[in-house]
Amino acid sequence: MTFTDLRIFGILGSPYVKKIVENDVLEYSYTNLSEYVTRFIIVSVIMAIVGYLLGSLNFAIIISKVKYKDDIRKYGSGNAGMTNMMRTYGRAAGIVTFLGDILKAVVTVIIATLLMGEACGYIAGFACILGHCFPCWYKFKGGKGVAVTAAMILTLEPFVFLTVLIVFIACVAFTRYISLGSMMGALIYPIMLKNFYTFTHPNYHILYFVVMIVSILTALMILFLHRENMKRLLAGKENKFSFKKKGTNNQTTHTKSEEKKSLHHDDETDN
């Protein structure tokens, strides 16, 4: 079993696939397609459940409650993500939240890919994003899934991630709207993945269908969760991103109960 076989079909899927070389072109065929599909569905469902539960571990909520004895969802846009954490508690809290969100997505995708290939990795990754945005542990109120989505793309297709990242950085650099950069990245993601996947995986029609469906659903969910940002952008009310925290300092912010419960609808990506 080569690394390519493992990445595409996984440990549990590779036994049902054989290589065929015709005219110096390597192709794969299934020795028992029905059994492969059955195993793929079972493993994907299990990993989707695992991914959702891991995704539901929202580090923004965990950190805000454990360290600050508070709930990040009371502040900013009310979402639990890196941007809101950075604005409310500072850069360190935002970075730790970001790393935690990335780690849970990377672990989920790697395990699923090792077991049943990258198509299963996409399914598990999407479930992780879903759990992050609608966590069962926190009354289904979480973040907007940008960091988790970025981690999934980076783990599965680094080249596509690089392209999306360039678009995101360029958009934020010119406009200073993180939400706009996130939405533009979401829009371009399925397009870039389609072009890249058809070029690098010309003979995997079943896997291609799964991957494209997941990528489109991911993009649509990111856009849906940024619908309020869209309204504020169109109305010219979306504030531009700054690394500076609101208020005079962190201690003052968290000793005033009136300020604690206020919601500032800033340019929140809330990853």
Side-chain angles (χ1 to χ4, degrees), residues 55 58-61 63-64 68 70-91 93-95 97-98 101 129-135 138-151 153 164-191 215-248 250 252-254 256-271:
N58 191 299
F59 285 88
I61 299 174
I63 293 170
S64 65
Y68 301 102
D70 210 339
D71 191 337
I72 184 62
R73 292 172 294 181
K74 295 178 182 178
Y75 306 98
S77 63
N79 290 305
M82 180 197 72
T83 309
N84 208 16
M85 285 290 287
M86 186 177 293
R87 282 208 167 124
T88 305
Y89 300 114
R91 292 185 187 180
I95 291 172
T97 299
F98 180 71
D101 290 341
I129 299 169
L130 198 64
H132 177 82
C133 299
F134 307 101
Y138 309 108
K139 300 180 180 179
F140 302 98
K141 186 178 181 182
K144 293 183 178 178
V146 176
V148 184
T149 301
I153 301 172
V164 174
L165 180 63
I166 291 173
V167 172
F168 172 82
I169 292 175
C171 188
V172 175
F174 280 106
T175 67
R176 290 177 58 201
Y177 291 127
I178 290 185
S179 58
L180 183 59
S182 300
M183 288 186 283
M184 289 301 297
L187 284 171
I188 200 173
Y189 167 52
I191 299 172
S215 68
I216 292 171
L217 289 176
T218 300
L220 289 176
M221 186 166 69
I222 295 295
L223 293 173
F224 172 77
L225 292 172
H226 281 80
R227 62 194 183 281
E228 293 301 323
N229 300 85
M230 293 182 197
K231 293 178 182 178
R232 293 196 294 272
L233 283 167
L234 292 173
K237 297 180 180 179
E238 186 82 319
N239 292 337
K240 295 183 177 182
F241 178 76
S242 172
F243 280 104
K244 296 179 181 179
K245 291 184 291 182
K246 302 292 183 181
T248 57
N250 196 45
T252 303
T253 301
H254 297 292
K256 295 182 179 181
S257 59
E258 293 85 358
E259 293 178 5
K260 276 188 173 185
K261 295 181 181 179
S262 65
L263 295 179
H264 309 288
H265 294 292
D266 293 333
D267 172 28
E268 298 291 356
T269 297
D270 289 334
N271 305 309

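- Inter-residue side-chain proximity for M183 and L233 is flagged as met; some heavy-atom pair is nearer than 4.5 Å.
- Under the 30°/60° scheme for interplanar angles, the aromatic rings of Y89 and Y75 are found to stand perpendicular.
- Residues N58 and H132 have side chains in contact (heavy-atom distance under 4.5 Å, counting atoms from C-beta outward).
- If you take CG on N229 and CG on L234, they are separated by 11.0 Å, rounding to the nearest 0.5 Å.
- Here the closest non-hydrogen pair linking K141 and I61 is O-CD1, 3.8 Å.
- Counting non-hydrogen atoms of neighbouring residues, nucleotides and ligands closer than 6.0 angstrom, the CE atom of M184 reaches no more than 12 such neighbours.
- Note that the CE atom of M221 and the CD1 atom of I216 stand 14.0 Å from one another [nearest 0.5 Å].
- The nearest pair of heavy atoms linking V172 to I178 is CG2-CA, 3.9 Å.
- Contact record, E238 with Y177: O-CE2, 3.0 Å, taken as the closest heavy-atom pair.
- In this structure, CG on L187 lies 11.0 Å from OG on S182, to the nearest 0.5 angstrom.
- The shortest side-chain heavy-atom distance between K74 and T88 does not fall under the 4.5 Å cut-off.
- The shortest non-hydrogen separation linking S179 to H226 is CB-CD2, 4.0 Å.
- Here the straight-line distance linking atom OG1 of T97 with atom CE of M86 works out to 9.0 Å at 0.5 Å rounding.
- Separation of atoms CD1 (I129) and CG (D101) is listed at 11.0 Å; rounding is to 0.5 Å.
- Across all non-hydrogen atoms, the minimal contact from G94 to M85 is CA-CB, 4.1 Å.
- Under the side chain to side chain contact (heavy atoms under 4.5 Å, CB included) criterion, I169 pairs with L165, not counting sequence neighbours.
- In this structure, R227 contributes its side chain and F224 its backbone to a donor-acceptor pair below 3.5 Å.
- Smallest separation of non-hydrogen atoms from G143 and L225: O-CD1, 4.2 Å.
- The OG1 atom of T218 sits 11.0 Å away from the CG atom of L223 when rounded to the nearest 0.5 Å.
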